[in-house]
Structures are given as structure tokens and as C-alpha cells.
Protein chains: 2
Amino acid sequence: MGRGKIEMKAIENQCNRQVTFNKRRKCLFKKANELFVLCDAQVAVIVFSNTGKLFENASSSMKRILERYSTVSGLQLCQNEYEHMLCEFATHRTENEKLHDKLRHMQGEDLDSLPPSELDHLQQTLELAARKVRDRRVVGLERKWAFLNQGVYENQNGYGQASCEAAVVSPVGNALPLPEFRVQPVQPNLHNTEY
Amino acid sequence: MGRGKIEMKAIENQCNRQVTFNKRRKCLFKKANELFVLCDAQVAVIVFSNTGKLFENASSSMKRILERYSTVSGLQLCQNEYEHMLCEFATHRTENEKLHDKLRHMQGEDLDSLPPSELDHLQQTLELAARKVRDRRVVGLERKWAFLNQGVYENQNGYGQASCEAAVVSPVGNALPLPEFRVQPVQPNLHNTEY
DNA sequence: CCAGCTATATATAATTA
DNA sequence: TTAATTATATATAGCTG
């Protein structure tokens, strides 16, 4: 079409090719639009020039058309991402199951699934943990005791509220880390409200 | 174009519309292909007729073109699925973190983050679990002992390998559930290879 | 609903500015 | 380059079978 018929093969002359590309692309989009208007069709055209530039034309939202296309054609457009996600899911689930199992063992359940050597190790772990918790509770109780004791001591001396300085030099004889205690006093009931 | 110029609006006559749709669609695809051949462009055309039928034409794999489109245009084609996945991920992660925290507490770590009442409960849980594990180990050891004892007994009587029946009627005097033991013998080293 | 036909409308290759 | 011009090639609306 034009002054002369042209062969249907790639146009060698770069300049001519560019000109033809622009003319024909514009026309293609126009025709696509006419199809949409005249025949009430949904049309999407995507063109990448040989220089990599993107041109697009759609009768409505390109996203909607491509989603419809994906649904109708069954083409999974995000297959790679999807499979990657599935893989990560599996990893998470496995990890979760392992943690669950471990927790159950730590609670003395499902012990049948453990070999004796693991049982041995589990018992050691549990006893160590129980000791740590016990120690921790003792420390907490000692602090509480120290706090009460200190209050009694100062009340006995008629000082009313204890100041920080008073606490540092208080005659409580044990080696508890009282300075730290002053900065962050143990307040059980405050913590309880958070759980 | 044709015998007479037509208005650029939807063709009312259903039959005419269908005929025009087919003619124009075919031509659109032809033009798309010419653009591809003449100008070395990548072209994809998607058309849905007003009856919902899908027609498509692409210079190469439609999937590849649409993926390229998605990349270049930044259009997230699977946004809904993607967001749903992200949501599930967050749930999994949260659950994992909770389990992790709980496990650490069960191992006597991070105890500072627990209020005293929880410490109390934790200690009870640990001690109960330790007791269960201890009991279980005792049962295991007793079974082992019974097994050895039984072997000694039968060797003393010159029977060689102990048969199942022999195990059931063996004169081991304790009340251990030996039948179960026979079905699933405790094999520590077999299990060890799996961990 | 398809396939031709044909008169016109469009598209466009080559050319010119 | 890019934009107009123009001679021709295509596309196609309305027919007919």
C-alpha cells in the first residue's frame, strides 16, 4: 500500500523502518479502537519497538483486560513468583511443625517419638531450664523482700518515703544489685496487665 | 471504507456487527503481524468479542510478551494474590516468633520478659515435663533391662534367638507392656540417624 | 453464519519540503 | 530529523449466493 508494493520482510534501512513503524503502529491502535467502538469488543494491544520502547493501547484498563485474559486462557502469568512463594510457604510450615514438635517434647508430650539418647538430652535441658527459672524466681523474691525490708527499716527510723540516696546507703546486708533495682524496680502487677 | 462511510459508533444490527467484527479482527491481526515482520517489533493483541470469546495474536509467546510488559510497565498483574500471600506470610512469621519465644522461655532464656506469675507457671510446666521425661526414661531403661534379662535367661537355657512367643511368656516379673514393645522395639541408633 | 464481489474509504511507501 | 504530499495498495461496508 503506497506508491509501490513492498516485500513482507524486515525493512533494512533503519530510518525507513522507524518511520514505517510509527505510521503502522498508530494505525494499528486506531484500528483496535475502531474494533472496540464498532463491535463492542474489549481490545488490548502491546507493542515493543525493536529499540525496546513500549507502546500500549487498550479499550479499557490494560490491567483488567490482562487479568481477564489470564483467567480465560488459563495462562499463569506470575508462575515463577507463585512457585517461589509456595516454596517459602513450605519452608515456613516445616519450621513451624518442627517448633511445635520441639515444644511438645519440652512439655513432656509425644515422648514415644524420641530415641533414648534424645530423651537423655531433653531431661538435661528441662532440668537446666527449671533451675534457671527457679533461680530467677528466687532473685525476684529476694528483691521483693529487700524492698519490703528496706521500707520497714526506714519507717522504723521515721524518715517516711525512702529517697534514692537513702536506698543506696541502706543497711540491707545482702549482695543484691540494688542500684539496678532503683532504676528499674520490679513491678509484677504492672507486667501482669500486659498479658 | 467500503461502499459507504460508516459512523464511528456501535453497530446496532447484531448480524452486521458480527460480520464486521470478524473481518476487522482478522485484519487487525494481519496488521499486527506485518508490524512485527517489517519493523522487527514485538506485538501482542488480545480481543474479547462482545459475546465473551477470546481471540489472541502475538508475534512470539504471549506469556513472554506479557511478562515483559509487566516488568517494563511496572504493572503488578497478580496484585490480589500477591497481597494475600504477603498476609499469610506475616501470619506465619508471627506464629513462628511466638513459638520461638516460648521455646526460649522453656529453655530458661529471656526470663526477664516474663512477669513473676508467668515464671511461676513456667516452673510448674518445666517440672511436670521433667518428671514425665524422667518417668519415660525409667520405663525405657526397665524395658532394656527386661530385654537383656530375658536374653540371659534364654541363653542360659540354650534356646539361642528369642522368638516372639518366648518373649510373651518370658518369666520377667514386672508389668511392662511387652507386647507393644515387641511390635515397635526401641531402636535408638536407628532413630539417631534421622536427626 | 460463511465466502465472494465491488465501489469506496483508508493506509501507507515513496517523495518532496 | 520530521512533516506534508500523493500515487497506489489495502481494507472493508454493503451486497449477493
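We name chains A, B, ... by the order of the sequence lines, and we start the count at 1 in each one. Any value given below was found using the heavy atoms of this structure, including those in side chains, with hydrogens, waters and symmetry copies removed.
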Close N or O pairs between protein and nucleotides 13-17 of chain C (under 3.5 Å):
| residue | atom | partner | partner atom | Å |
| --- | --- | --- | --- | --- |
| C:dA13 | OP1 | A:R24 | NE | 3.1 |
| C:dA13 | OP1 | A:R24 | NH2 | 2.7 |
| C:dA13 | OP2 | A:T20 | OG1 | 3.3 |
| C:dA13 | O4' | A:M1 | O | 3.4 |
| C:dA13 | N7 | A:K23 | NZ | 3.1 |
| C:dA13 | N3 | A:R3 | N | 3.2 |
| C:dA14 | N6 | A:K23 | NZ | 3.0 |

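- Not a single side chain to side chain donor-acceptor pair (under 3.5 Å) links B:R3 to another residue, sequence neighbours left out.
- Judged as a side chain to side chain donor-acceptor pair (under 3.5 Å), and not counting sequence neighbours, the contacts of A:R137 are B:D120, B:Q123.
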Which donor-acceptor pairs under 3.5 Å do the side chains of residues 11-22 of chain A make with protein atoms, sequence neighbours left out?
| residue | atom | partner | partner atom | Å |
| --- | --- | --- | --- | --- |
| A:N13 | OD1 | A:C15 | N | 2.8 |
| A:N13 | OD1 | A:N16 | N | 2.8 |
| A:R17 | NH1 | A:I11 | O | 3.4 |
| A:T20 | OG1 | A:N16 | O | 3.1 |
| A:N22 | OD1 | A:R25 | NH2 | 3.1 |
| A:N22 | ND2 | A:Q18 | O | 3.3 |

Only pairs under 3.5 Å count here: list side-chain donor-acceptor contacts from residues 26-44 of chain B, not counting sequence neighbours, and write none if there are none.
| residue | atom | partner | partner atom | Å |
| --- | --- | --- | --- | --- |
| B:E34 | OE1 | A:R24 | NH1 | 2.7 |
| B:Q42 | OE1 | B:R68 | NH1 | 2.6 |
| B:Q42 | NE2 | B:S60 | OG | 3.4 |

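- Here ring pair (Phe, Tyr, Trp, His ring centres under 6.0 Å) pairs that include residues 95-132 of chain B, with residues two or more places apart or in two chains, number zero.
- By the side chain to side chain donor-acceptor pair (under 3.5 Å) test, A:T51 pairs with A:S49, sequence neighbours left out.
- For B:R131, the side-chain contact (heavy atoms from CB on, under 4.5 Å) partners at least two apart in sequence or on another chain are B:E127, B:L128, B:R134, B:D135.
- A heavy-atom distance below 4.0 Å to DNA chain C is reached by these residues of residues 25-34 of chain A, ordered by number: A:C27, A:K30, A:K31.
- Residues that satisfy the ring-ring contact (aromatic ring centres under 6.0 Å, His included) test with B:H92, not counting sequence neighbours, are A:F89, A:H92.
- A heavy-atom distance below 4.5 Å is found between the side chains of A:F48 and B:V72.
- Identified under the salt bridge (charged side-chain N to carboxylate O under 4.0 Å, His left out) test for residues 51-63 of chain B, with sequence neighbours left out: B:K63-B:E67.
- Along DNA chain D, read 5' to 3', the first and last nucleotides having any atom under 4.0 Å from a heavy atom of chain A are D:dT6 to D:dT12.
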